[in-house]
Colleague: 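Shown below is the structure under consideration.
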Amino acid sequence: MPRVHDPAEANEVPLSPLSFLHRAADIGGDDIGVRTGAGAQVSWSGLLERAQRLAGRLIELGLVAGDRVAVLAPNDLPLLEAHYGIPGAGCVLVALNTRLSGQEYELVLGLAGAKVLVVDHTLADRVAGIRERVTSLREVVTIGAEDTVDTEGYTGWLRTATPAPLRLPGDERQPLSINFTSGTTGGPKGVVYTHRGGYLNALGQVVSAGLRPDSRYLWTLPMFHCNGWCYTWAVTAAGARHVALRKVDPVHALEVIRQAGITHLCGAPVVLDSLVEHRGAQEGAPFDQRVLFAVGGAAPSPTAIEEMSRLGVGIVHLYGMTETYGPSLVCVPRPEWRSQEPEQRAALMARQGVRTVNVESARVVTEAFEDVPADGSALGELVIRSNTVMSHYLDDPEATAAAFTGGWLHTGDVAVRHPDGYIEVRDRLKDVIISGGENIASIEVEQVLLAHPAVAEAAVVARPDPKWGEVPVAFVRADEASAVTEAELIGWLRGRLAHFKVPKQIRFGALPKTSTGKIRKAVLREAVD
Ligand code: ADP
């Protein structure tokens, strides 16, 4: 009698983004999967073998399922292969932000309980002596420059390792990675991703960005930020090509876009703006190929959208947070927007949009959990339910419970819903300004400021006021070439906004930023107190 099989053997396989690399190597093993920061080319089979060696090395070191391995490195081959080799050994990847201080590294490595730290030679001084200070650490290994023949460091480590097959997890809910949020709100929190969530969000990104086998993806977005919004896995899923970039120098990035035929890149508006600023170095001629820039982290400015479209660069606007594996809303352009004036179209594209294909539901709700009317003005909190919402905060059941109150992920972002169903984020909960009983969404005021040609960056915060409770104050970084005045900007705002929303004061200068490039409003609020 033939053995009776459980259908689940055939129709249930744990979801894991590791499968994408196996497939890429199966179908186009000799095809170039990665171009490294130094311009070397690595095939899909080559990437798979390197990841297998990394997994093998970790197993030889005695690491077991669930152990954490941290990597502190720029956007290059070692960090990319870590996204496969580390989970392939059953371990959990902790990709560290490259802009932290020594003390912050000590803190997050301790919170993660990292057993191994892999560090790029250019960043090694930041973690000098860390092994003695983080008790969980057993091994710190340095990645040398690409052309060095180091026997001690990472290269030798990989060369002498016996490759181990990349193991799919027994349970797809096993942790894949831990990403620390930068902490514009409180201290760093470790956000735990699962294999299942990583798999689903990566496929969602393939759809949002329209990645295809002939796409070329430029790594302008840090891979340490939500695992590069899951593009570390999405680009592989599409069988497209990763083009590494060790640091984002806009002139160099523009050159690579041209030379390497880049079709896709991601980043925060500041990256987009820096490309716009330096496009002159390329004589502003449009690219030969169609390029799509997926922008997120904050809304892109209307000027950047317009300027980029002149270079033949399309913009897709994404919204997300570390807790949602990166992007979870996308501003899908509606056909009727094409006939709008550029300024109006840019304003529509600055909306955060609708849920991505992998997100089940995104609502804007009142404190009583009722949906706000879709009128474009009633404010509520954006809450999300999705297979791509984090598993939990590491070792922090209280913060996890608070984030999941009512059975939804609370984003802490205040939004409106427009009559067409599109969501627009207006503020973070704690950044809303309440003046004379009226809510002022700082983002709305910032958008109007950013639409002024002389304004490069803007942030609006509350200043306590004896009469109104709070009043808005703006901080502006003007374009270097401009001599724009406070009176001129106030006039510009009064022509476009209800007068109670217009800042009482405008201060000029550089804006303080977090390590991920977000404006530190808390610092600005202190400055106006
Ligand atoms: P952190 O919270 O540490 O700054 P995150 O990357 O998790 O790091 O930040 C997520 C936050 O960024 C969101 O909650 C939201 O406030 C903001 N954000 C992300 N994308 C957008 C966007 N497209 N438009 C406006 N705000 C955005």
Side-chain angles (χ1 to χ4, degrees), residues 95-97 99-100 104 108 178-193 201 208 221-230 266-272 293-302 304-305 315-332 346-356 359 362 364 379 381-384 388-390 393 399 403 408-416 422-432 441-447 450 458-460 512-523:
L96 295 170
N97 189 320
R99 298 178 202 126
L100 305 184
E104 288 170 307
V108 294
I178 300 171
N179 288 293
F180 283 90
T181 56
S182 64
T184 37
T185 52
K189 287 201 274 288
V191 176
V192 180
Y193 290 12
N201 200 41
S208 291
L221 177 81
M223 291 186 201
F224 64 73
H225 206 177
C226 314
N227 300 113
W229 298 352
C230 295
C266 296
V270 4
V271 178
L272 186 66
F293 191 117
V295 60
S301 74
I305 296 175
I315 303 287
V316 59
H317 176 198
L318 302 170
Y319 159 93
M321 62 197 309
T322 307
E323 288 82 343
T324 61
Y325 293 69
S328 48
L329 297 182
V330 52
C331 188
V332 180
L348 290 165
M349 284 179 61
R351 292 176 178 180
Q352 285 63 28
V354 295
R355 65 188 194 269
T356 55
V359 169
V364 180
L379 296 173
E381 188 185 7
L382 172 60
V383 294
I384 292 178
T388 51
V389 159
M390 67 164 174
Y393 289 120
W408 292 77
L409 173 78
H410 289 253
T411 64
D413 287 315
V414 177
V416 298
Y422 277 51
I423 291 171
E424 185 173 348
V425 170
R426 286 286 166 84
D427 228 328
R428 286 200 172 192
L429 267 182
K430 61 188 174 39
D431 292 342
V432 172
S442 62
I443 293 184
E444 188 185 3
V445 186
E446 287 156 12
Q447 284 291 324
L450 286 168
V460 176
K513 305 261 176 65
T514 66
S515 53
T516 52
K518 293 220 162 81
I519 296 170
R520 296 175 66 197
K521 288 201 169 169
V523 174

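Order of appearance sets the numbers: ligands from 1, and atoms from 1 within every ligand.
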Colleague: State the CD1-OG distance between I519 and S442, to the nearest 0.5 angstrom.
Modeller: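 With rounding to 0.5 Å, CD1 (I519) is 9.5 Å from OG (S442).
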Colleague: Do any N or O atoms from the side chain of H317 and from the backbone of M349 form a donor-acceptor pair under 3.5 angstrom?
Modeller: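 Looks like yes, one N/O pair under 3.5 Å.
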Colleague: Is there side-chain contact between V359 and T388, with heavy atoms separated by less than 4.5 Å?
Modeller: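 A side-chain contact under 4.5 Å exists here.
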Colleague: Contact between ligand 1 and I443 is defined here as a heavy atom of the residue under 4.0 Å from a ligand atom; is it met?
Modeller: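 No; I443 lies far enough from ligand 1 that no heavy-atom distance drops under 4.0 Å.
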Colleague: Going by the closest heavy atom to atom 24 (N) of ligand 1, which one wins out of R426, K189, Q352?
Modeller: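 That would be Q352.
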Colleague: Kindly write out the residues that satisfy side chain to side chain donor-acceptor pair (under 3.5 Å) with Y393, not counting sequence neighbours, or none if the list is empty.
Modeller: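 Side chain to side chain donor-acceptor pair (under 3.5 Å) list for Y393, sorted by chain: E323.
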Colleague: Taking only heavy atoms of M321 into account, list the atoms of ligand 1 that are under 4.0 Å away from them.
Modeller: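 Numbered from 1, ligand 1 contributes 7 (O), 10 (C), 14 (O).
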Colleague: May I ask you to check if ligand 1 and R428 share an N or O to N or O distance below 3.5 Å?
Modeller: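 Min N/O separation from ligand 1 is below 3.5 Å for R428.
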Colleague: Quick one, M321 and L409 - any side-chain contact, counting heavy atoms below 4.5 Å?
Modeller: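 Heavy-atom side-chain distance check passes, below 4.5 Å.
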Colleague: So which bit of V295 gets within less than 4.0 Å of ligand 1, heavy atoms only: side chain, backbone, both or neither?
Modeller: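 Neither; nothing of V295 gets under 4.0 Å from ligand 1.
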Colleague: Heavy-atom contacts with H317 under 4.0 Å: which atoms of ligand 1 show up? List them by number with element.
Modeller: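 Listed by number with element: 22 (C), 23 (N), 24 (N).
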Colleague: Hey, could you give me the CG/CG distance between D413 and L429, rounded to the nearest 0.5 Å?
Modeller: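 If we round to the nearest 0.5 Å, D413:CG and L429:CG are 7.5 Å apart.
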Colleague: Run the salt bridge (charged side-chain N to carboxylate O under 4.0 Å, His left out) test against E424 and tell me which residues pass, sequence neighbours left out.
Modeller: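 For E424 the salt bridge (charged side-chain N to carboxylate O under 4.0 Å, His left out) partners, ignoring immediate neighbours, are R426.
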Colleague: Looking at N201 and Y325, would you say the former's side chain and the latter's main chain have a donor-acceptor pair under 3.5 Å?
Modeller: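 Here the side-chain-to-backbone pair exists.
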Colleague: Under 4.0 Å from ligand 1, counting heavy atoms only, is it the side chain of D413, its backbone, both or neither?
Modeller: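 Side chain only.
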Colleague: Using a 4.0 Å cut-off to any heavy atom of H225, which atoms of ligand 1 qualify?
Modeller: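 Those qualifying, in numeric order: 6 (O).
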Colleague: Would you indicate which of A350, A298, G326 comes nearest to atom 22 (C) of ligand 1 when only heavy atoms are counted?
Modeller: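 Selected option, by shortest heavy-atom distance: A298.
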Colleague: Out of A268, P269, G297, indicate the one that has the non-hydrogen atom closest to atom 17 (C) of ligand 1.
Modeller: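 Checking each option, the heavy atom nearest atom 17 (C) of ligand 1 is found in G297.
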Colleague: With respect to L318, determine whether any N or O atom, backbone or side chain, lies less than 3.5 Å from an N or O atom of ligand 1.
Modeller: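 L318 vs ligand 1: N/O contact under 3.5 Å present.
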